[in-house]
Each structure stands twice: as structure tokens, then as C-alpha cells.
2 protein chains.
Amino acid sequence: MSIKFAILGFLSWKSFSGYELKKIFADALSFHWSGNNNQIYGSLVELHGSGAVSIEVQQQEKYPARKVYTITEQGRAELRTWLLSEPELPIVRSLAHIQLAWAESLTSEELEGLLASYESQLADQAIMCRETIRRASSTNPGTGIPERSEREILIWRSIDENRAAFFENERAWVRSLRAKLRELQ
Amino acid sequence: MSIKFAILGFLSWKSFSGYELKKIFADALSFHWSGNNNQIYGSLVELHGSGAVSIEVQQQEKYPARKVYTITEQGRAELRTWLLSEPELPIVRSLAHIQLAWAESLTSEELEGLLASYESQLADQAIMCRETIRRASSTNPGTGIPERSEREILIWRSIDENRAAFFENERAWVRSLRAKLRELQ
DNA sequence: CAAAGCATGTAAGCAGTTACATGATTGT
DNA sequence: ACAATCATGTAACTGCTTACATGCTTTG
């Protein structure tokens with residue numbers, strides 16, 4: 001469960017409650033995790049069981065008690081070991097490509113409609129990514145993170161830009177495919 | 001289970017046994033499914049249960065009996081309906097990006113090593129993709145597929161090229177990130 | 001008064017993986 | 001002799017998802 005390392009990553013900045021981590025994951029689009037309860041709370045239980053994090057229960061007057069998780073030295077060591085492990089190749093899964101692969105039973109108009117719809121979705125997504133980058137570079141990510149190094153800021157922006165570029169490239173690919181199909185007719 | 005539609009897609013060309021489909025999926029890299037038994041055999045049971053495919057058991061003298069699956073009219077209709085449904089956005093999951101995001105606890109040399117390793121893996125993968133394309137354009141895919149239309153051939157080649165371009169783009173991104181990090185020092 | 005936020009957790013399920021099991025046959 | 005191919009199937013697991021459950025508080 002690699003999300004555990006992502007959680008350790010956030011906890012290496014500062015301590016968070018499960019609820020806060022949940023929101024962080026829901027907001028961080030580049031992290032591809034939805035931030036659902038089972039995964040976050042479950043992972044935190046396991047991380048605590050293995051000694052990678054410690055828990056402090058904070059009673060509150062008007063709100064339910066919150067469990068604040070803090071990374072331990074062991075947790076930091078585990079995170080570092082993982083960071084140094086061999087990176088894996090990225091995985092892309094595009095159901096739209098599977099649809100395209102069997103578009104043979106569609107008319108040219110139906111296929112063109114499919115591609116147009118796919119392209120517009122990609123365009124929207126690319127715009128959203130660019131918007132996220134624009135906002136991220138003006139304001140602080142909002143989670144109350146301590147001073148971040150220039151290097152780290154560069155890396156985070158690059159990751160966001162990679163995501164935007166992916167959707168832009170995919171869109172360009174669709175455009176060129178549409179052009180080629182038009183030529184064929 | 002969208003793999004069902006991919007199975008129906010292959011069966012729309014010609015009838016196959018589960019064993020053959022398994023091999024097809026294992027070979028078709030652009031399809032991101034590993035072609036493991038549980039998925040193929042399980043999906044075929046479900047497709048048969050829902051009436052999308054019919055089964056013919058062929059007894060053989062020297063080898064175990066094989067179940068040959070044939071798409072039904074209902075199966076063809078289901079496939080077509082799915083082909084016309086709204087395409088979904090592609091999903092990318094890159095663990096390497098998560099590693100990078102918390103590279104803060106690494107030295108510049110360690111980070112550079114990580115990036116170099118990631119880049120070389122991407123380069124290898126891109127070469128493999130290009131090789132697949134080269135082989136696909138010279139020979140027939142090898143599954144004994146009937147005559148394919150020009151349009152279909154174009155689409156399949158485009159999908160393969162999309163995959164190759166993805167790894168090449170990712171590699172270019174890593175190269176530029178490495179350059180930026182070198183500048184920063 | 002309803003909706004959203006705070007905060008935790010559980011249940012049920014889908015999609016996908018590796019590994020195991022059987023058993024004859026063919027190639028090295 | 002050992003491994004690979006043919007051919008089917010099952011067991012056990014990981015990772016991830018939606019939806020449900022509770023209950024108090026703040027905002028519109």
C-alpha cells in the first residue's frame with residue numbers, strides 16, 4: 001500500500017489528524033488517491049501498529065476528539081528507505097483507447113463524435129490543471145506547511161506541470177488522429 | 001469490469017478459447033491487462049451467463065478439451081452500446097512522482113541517482129514500444145485476424161504510438177527536471 | 001430548518017494480482 | 001530428466017472505491 005508512504009510524507013512536514021489527511025488527499029489531484037475513509041484511517045492504524053507514527057488524542061469541547069498523528073524516527077527511516085528504492089514505471093490506463101480500438105463497428109460520424117467528446121474532456125482537464133498550477137504558485141498550498149526549499153517547490157511545480165502536459169499531449173494526439181481520419185475519407 | 005468489453009472486442013473478430021484470449025491480453029501491452037486466469041476465465045463465465053457469448057466445447061485427442069467462445073448478436077449489441085458511451089479520462093499513476101514529491105530528505109546526489117534510474121527505465125520502455133510498432137507494421141498481429149480496414153489499422157498504430165510518445169515525453173520531462181535541478185545548485 | 005463542517009469509523013464490493021493445482025504431451 | 005506448451009480452473013490477497021453510520025455544531 002504505497003499510500004502509506006504518501007501519508008508518511010505529509011506527516012514528515014507536520015503532524016495531522018486523519019480528517020486533515022483525508023482532505024489533503026482529496027485536494028491533491030496529482031496524487032491520484034480519492035482520500036476515502038477506509039484507506040486513510042486504515043493506513044493510519046497500520047502505520048501506528050508498525051510503529052511508524054505515534055498518536056495523541058486531543059479532546060475538544062465542541063467537536064469530536066481528534067487523533068493527531070506524528071511521524072516517529074522509525075517512520076522517517078522507512079520513508080527514506082522507500083524514497084531510495086528503484087522507481088517504478090508509470091501506468092496509464094485509458095478506457096477511451098480501448099473504445100477506439102474497436103470502433104470498427106461505428107460509422108465515421110459516430111467515431112468522430114466519440115473523439116470530439118474525448119478531446120473536449122481532455123481540454124477541460126488541461127485547463128483545470130493549469131488553473132491549479134496558477135493558484136499554487138501564487139498562494140501557499142494551504143495546509144500550513146513550513147518553509148519549503150526552492151528545490152522542493154521546483155519539483156512540486158514540475159509534477160503539476162507534468163500532469164497538465166499529459167492531458168495537453170493526449171489532446172494533441174486526438175486532434176491529429178481526427179485529422180488523419182478525415183484525410184482517409 | 002471493462003475487460004469484458006475488450007474480450008467482446010476480440011471475439012467480434014473471431015472465436016477464441018479462454019487460453020488464446022489469455023495470451024492475446026498478455027501480449028497486447030497497450031491494453032494494460034496482465035491476462036491472468038482469474039480475470040479472463042471469470043469474465044468469460046459472466047459473459048456466458050449474461051448471454052453475450054456462446055460456448056462450444058471441442059474435445060481433442062492429445063490435449064485437454066478447449067472451450068471456444070463465440071460472440072452472440074446480444075454481445076455485439078452490448079459492445080456497440082459501450083463503444084458509443086461517453087469516453088472517460090485516462091488515469092496515470094506514477095509512484096516515481098510520489099517519491100520525487102518527498103525527495104526533500106535526499107541529498108542532491110541521491111535525488112540525481114533516482115532521476116537517472118527513472119530516466120533510463122523510461123528510455124528502455126520507449127524503445128520497446130517503438131520496436132513493437134516496427135514489428136506490428138511489418139507483420140500481421142499474429143492472432144489470425146481477418147482483413148482489417150485501413151481505418152482500423154490507423155487507429156491501432158496510433159494507440160501504439162501514443163504509448164511510445166507517453167514514455168518519450170515522460171523521459172524528456174525527467175531530463176529537463178534534472179537540468180533545472182543542476183542549475184539550482 | 002436544512003445543509004455543511006468536524007471527526008471517527010465500518011460494510012460491502014469491484015478490479016486486479018500472484019501463486020497454486022491438475023495432467024497429458026512435446027521439445028531440449 | 002526437466003522444462004515448456006496446452007488448457008482449465010481456484011485460493012488468497014492487495015488496493016481502492018462508494019456508501020453507510022453516528023452525533024454534535026456552525027452557517028445560511
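Computed from a prediction, not measured in an experiment: that's the story for all the values here. We name chains A, B, ... by the order of the sequence lines, and we start the count at 1 in each one.
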Grab the N/O contacts between the protein and nucleotides 1-4 of chain C below 3.5 Å, and write none if there aren't any.
none

Exercise for review: Ignoring the backbone of A/Asn37, work out which of C/dC20, C/dT10, C/dA7 is nearest its side chain.
Suggested key: C/dT10
Revision key, fill the gap. Rounded to whole Å, the NZ-P distance (B/Lys22 to D/dA4) equals 14 Å
Check your understanding: What integer distance in Å separates A/Arg66:CZ from C/dG9:P?
Key -> 13 Å
**Study point:** Contact under 4.0 Å: B/Tyr41 side-chain N or O vs D/dG9 OP1/OP2
**Key:** no
Study note, to complete from the structure: Contacts satisfying ring pair (Phe, Tyr, Trp, His ring centres under 6.0 Å) that involve residues 53-87 of chain B (not counting sequence neighbours) are B/Phe5-B/Trp82
**Study point:** Minimum heavy-atom distance between B/Ser117 and A/Glu86, given as atom pair plus value
**Key:** OG-OE2, 2.9 Å
Practice item. Start with the C-alpha gap between A/Leu111 and A/Thr107, add the side-chain angles, then the distance that decides, and say whether side-chain contact (heavy atoms from CB on, under 4.5 Å) holds. Key: CA-CA 6 Å; A/Leu111 174 54; A/Thr107 67; over 6 Å; no
Practice item. If you link ILVMFWY side chains whenever their heavy atoms are less than 4.5 Å apart, which other residues fall into the same cluster as A/Tyr41? By chain and number, please. Key: A/Tyr19
Check your understanding: Atom CD1 of B/Ile24 and atom P of D/dA7: how far apart are they, to the nearest Å?
Key -> 13 Å
Practice item. Please check if A/Val53 and A/Val57 belong to a single hydrophobic cluster, counting links between Ile, Leu, Val, Met, Phe, Trp and Tyr side chain heavy atoms closer than 4.5 Å. Key: yes
Point to revise | A/Gln60 side-chain N/O to C/dC6 phosphate OP1/OP2 under 4.0 Å | key: no
Point to revise | Length of the CD1-P vector between A/Ile55 and C/dA7, whole Å | key: 16 Å
Point to revise | Test side-chain contact (heavy atoms from CB on, under 4.5 Å) applied to A/Glu56 - qualifying residues, sequence neighbours left out | key: A/Gln58
Review point. Closest heavy-atom contact between B/Ala164 and B/Ile133?
Key: CB-CD1, 4.1 Å
Check your understanding: Charged N to carboxylate O below 4.0 Å: is that the case for B/Arg93 and A/Glu88?
Key -> no
**Study point:** Separation of D/dA7 C1' from B/Leu21 CG (nearest whole Å)
**Key:** 13 Å
Review point. Base, sugar-phosphate, or nothing for A/Gly42, non-hydrogen atoms under 4.0 angstrom?
Key: nothing
Practice item. Could you tell me the separation between the CD atom of A/Glu46 and the C1' atom of C/dT10, rounded to a whole number of Å? Key: 15 Å
Please list each protein N or O that sits under 3.5 Å from an N or O in nucleotides 13-16 of chain C, with the distance.
{"unit_1": "C/dA15", "atom_1": "OP1", "unit_2": "B/Met1", "atom_2": "N", "d": "2.4"}
{"unit_1": "C/dA15", "atom_1": "OP2", "unit_2": "B/Met1", "atom_2": "N", "d": "3.1"}
{"unit_1": "C/dG16", "atom_1": "OP1", "unit_2": "B/Trp33", "atom_2": "NE1", "d": "2.9"}
{"unit_1": "C/dG16", "atom_1": "OP2", "unit_2": "B/Gln39", "atom_2": "NE2", "d": "2.7"}
{"unit_1": "C/dG16", "atom_1": "O5'", "unit_2": "B/Gln39", "atom_2": "NE2", "d": "3.1"}

**Study point:** Lys/Arg N to Asp/Glu carboxylate O, B/Glu168 vs B/Arg171, below 4.0 Å
**Key:** no
Check your understanding: Could you give the NE2-to-P distance, from B/His48 to D/dT8, as a whole number of Å?
Key -> 14 Å
Review point. Given D/dC6, is OP1 or OP2 found less than 4.0 Å from the side-chain N or O atoms of B/Lys23?
Key: yes
Point to revise | Ring-face cation of B/Lys22 near B/Phe25 (centre distance under 6.0 Å, axis angle within 45°) | key: no
Check your understanding: Do B/Glu20 and B/Arg66 sit within salt-bridge range, that is, some charged N less than 4.0 Å from a carboxylate O?
Key -> yes
**Study point:** Nearest-Å distance for atom pair CD1/C1', residues A/Ile40 and D/dG15
**Key:** 13 Å
Practice item. If a protein heavy atom is under 4.0 Å from the base, mark B; if only from the sugar-phosphate, S; if neither, -; do that for nucleotides 23-28 of chain C going 5' to 3'. Key: B-SS--
Practice item. Output yes when at least one side-chain N/O atom of A/Lys4 is less than 4.0 Å from OP1 or OP2 of D/dG15, else no. Key: no
Practice item. Indicate yes or no: does B/Arg148 engage A/Glu104 in a salt bridge with an N to O separation below 4.0 Å. Key: no
